[in-house]
Number of protein chains: 2
Amino acid sequence: MSWRKEQRRAERGYHHGNLKEALLQAALGLIAEKGAAGFTFADAARMAGVSAAAPYRHFRDRDELLSSIAQRGFEQFEQRLAAAWDDGRPDTVTAFERVGKAYLAFAREEPAFYNAMFESGVPVDANPALQAASERAFNIIRAAAERLAALTPPGTPRPPAMMMALHIWSMAHGVASLFSRGDAARRKLPMSPDELLEAEVLIYLRGLGFPTDRRPAGKGAEPPPVPPEAPSGSGVPPGGTPGGPWGKPK
Amino acid sequence: MSWRKEQRRAERGYHHGNLKEALLQAALGLIAEKGAAGFTFADAARMAGVSAAAPYRHFRDRDELLSSIAQRGFEQFEQRLAAAWDDGRPDTVTAFERVGKAYLAFAREEPAFYNAMFESGVPVDANPALQAASERAFNIIRAAAERLAALTPPGTPRPPAMMMALHIWSMAHGVASLFSRGDAARRKLPMSPDELLEAEVLIYLRGLGFPTDRRPAGKGAEPPPVPPEAPSGSGVPPGGTPGGPWGKPK
DNA sequence: GGCTCATGTAAAGATCGTTCACATGAGCTG
DNA sequence: CAGCTCATGTGAACGATCTTTACATGAGCC
């Protein structure tokens, strides 16, 4: 046995005290480094200063550890999305876009969680708690979509809110997993993932009849200003950044 | 040594004859079954009836096999996308949507390839040939986007074609990887992935000012042949079919 | 026929995931 | 405080995988 190990043991005694948490943290670090596939149960144990068999006292097997991380990830994800949504303040469209940004930010800033959640092959539906956490996170997007759906300008086709939510989710996930993470991020793009997603969502919202004219596209005339936030009237600020979400068209 | 093995050997002699190809096929089957993560080099060897060391005569290591499969996948992917695009016939928008469908169809029908290409953790940029194949596939989408960009009705914002291509790619990939494959597909949806993507793309195109009012929601009449390629038409048509691509709003 | 080299084999080392019998010690009970 | 118990950690061991190394085979070519 290594000197190091003995030393660790001396420091902390026979019992670790908080092994479960330590393992989760270790795994998180390892996944961030080498991906969920490269992460090793034995490595996590080593990193926690414990024998290879010890983790089995806290997790049925390697998959359960991964699953736990995914679940915790969904919980944090939900919190961040909820904070971004902020119940639709100051206006629905702005908040909606903030959710998109939060999605990408999470994928970028918490690669280990995102990996465990969406790219580790953990079957979400196998674990009820995990599935529930996943649904709670999605429900934020869904709630936002409901609000948005209620606001689609009259005379415009109005898809079910659920569908809009799924659309947004797929856009965000598509951008995140193709361009915003790991080696995929190395695909060189003419713009940042954030800009890409923002423009995508804006075009989509325009397709639903929402005024997205706060960013005049190019030199052209302002797109016809549909009454902001249709029925009630609290709404999208008319002003905007010049250049449009996609920059000046050449 | 097993009887089976001896028998196989007797059938084919000491040399396999076409081991490289056999390994690729075996791997493809295994990945389809158990995912790229669960796929094992030794298993592929076994399935080809050779010793565990034999594959190393044809692939530097397990990753190179995976990488080869990904590359082959991108090549087939390119072919299918190209066939779907069919150089924009009969009209750009129709062909464009066909590309979207082809994307999903590939993801669904060739799970092993799709898995190796996008979900196996193979670093695309590590292998120049692989990267080139990937780019050739993307170029189909890109070419389609160029054509579409050239047609955006005047008076409408016109994002760069490259951006449009990336948008479409991210939508397709998002839908495919969230809803169209593996356990993720088990997330129960109120509609098929194909419908979901089609609606998403249509709304997006509408956001770009394209007329997307053909296609009465259900089993209705034949899509009214909108004058194909309508650069002259003004943006979003006021009428549109009731319901649009997403069925009747409730 | 004989040489050569690509192709396959067997054996072995390193690492993992996992299990099992056993050790330790924290906390309760009396 | 003594003793018991049970959660928690240890070591050893099994089978599987990946990979390397030395050796075997035989197809093609002179």
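All figures in this text were calculated on a predicted structure; none of them were measured in a lab.
In this structure, the helix from C:dG1-D:dC30 to C:dG30-D:dC1 shows an angle of 10° between the axis at its start and the axis at its end, each fitted on 5 base pairs and rounded to 10°.
The closest donor-acceptor contact from the side chain of A:Ser170 to the backbone of A:Leu166 lies under 3.5 Å. Side-chain atoms of B:Gln131 never come within 3.5 Å of backbone atoms of B:Asn127 as a donor-acceptor pair (strictly under, hydrogens ignored). The backbone N or O of B:Phe39 lies less than 3.5 Å from a partner atom in the side chain of B:Arg62, making a donor-acceptor pair.
Across residues 26-38 of chain A, not one residue has a non-hydrogen atom less than 4.0 Å from an atom of DNA chain D. Within residues 64-72 of chain A, no residue approaches DNA chain C, by heavy-atom distance under 4.0 Å.
The interatomic distance linking A:Leu19 (CG) with D:dG9 (P) rounds to 5 Å, in whole Å. Going from atom NE2 of B:His58 over to atom P of C:dA6 covers 12 Å, rounded to whole Å. When rounded to the nearest whole Å, the span between CG of A:Asn18 and C1' of D:dG9 equals 15 Å. Straight-line distance from the CG atom of A:Asp63 to the C1' atom of C:dT18: 12 Å, rounded to whole Å. Taking atom CZ of A:Phe59 as the reference point, atom P of D:dG9 lies 11 Å away to the nearest angstrom.
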Take B:Met164 and B:Arg142 through the test side chain to side chain contact (heavy atoms under 4.5 Å, CB included) and record every step on the way to the result.
CA-CA 8 Å; B:Met164 290 175 46; B:Arg142 188 189 159 119; over 6 Å; no
Evaluation steps, side chain to side chain contact (heavy atoms under 4.5 Å, CB included), between B:Val175 and B:Glu200
CA-CA 10 Å; B:Val175 170; B:Glu200 186 170 348; 3.6 Å; yes
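In this structure, the side chains of A:Tyr103 and A:Tyr114 come closer than 4.5 Å at one or more pairs of heavy atoms. The side-chain heavy atoms of A:Lys20 and A:Leu23, taken from C-beta on, include no pair separated by under 4.5 Å. Here the side chains of A:Phe59 and A:Leu66 are not in contact, with every heavy-atom distance at 4.5 Å or above.
Looking at residues two or more places apart in sequence or on another chain, you find a side-chain contact (heavy atoms from CB on, under 4.5 Å) between B:Glu21 and B:Asn18, B:Leu24, B:Gln25, B:Arg72.
When ring centroids are compared, A:Phe106 and A:Phe77 come within the 6.0 Å threshold. Taking the six-membered ring wherever Trp is involved, the centroid distance between the rings of A:Phe113 and A:Phe74 does not fall below 6.0 Å.
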So which protein N/O to nucleotides 14-17 of chain D N/O distances come out below 3.5 Å?
from: D:dT17; atom 1: OP1; to: B:Arg46; atom 2: NH2; distance (Å): 3.2
from: D:dT17; atom 1: OP2; to: B:Arg46; atom 2: NH2; distance (Å): 3.3
from: D:dT17; atom 1: O3'; to: B:Thr40; atom 2: OG1; distance (Å): 3.0

Which atom pairs link the protein and nucleotides 20-24 of chain D when you take only N or O atoms and keep those under 3.5 Å?
from: D:dA24; atom 1: N3; to: B:Tyr14; atom 2: OH; distance (Å): 3.1

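When every heavy atom of B:Met117 is checked against every heavy atom of B:Gly73, the shortest pair comes out as SD-C, 3.6 Å. Looking at every heavy atom in both residues, B:Val124 comes nearest to B:Leu130 through CA-CD2, 3.9 Å.
Among A:Thr40, A:Asn115, A:Asp43, the single residue meeting the side chain to side chain donor-acceptor pair (under 3.5 Å) criterion with A:Lys34 is A:Asp43.
For the residue pair A:Glu119/A:Ser177, the side-chain donor-acceptor check at 3.5 Å is not satisfied.
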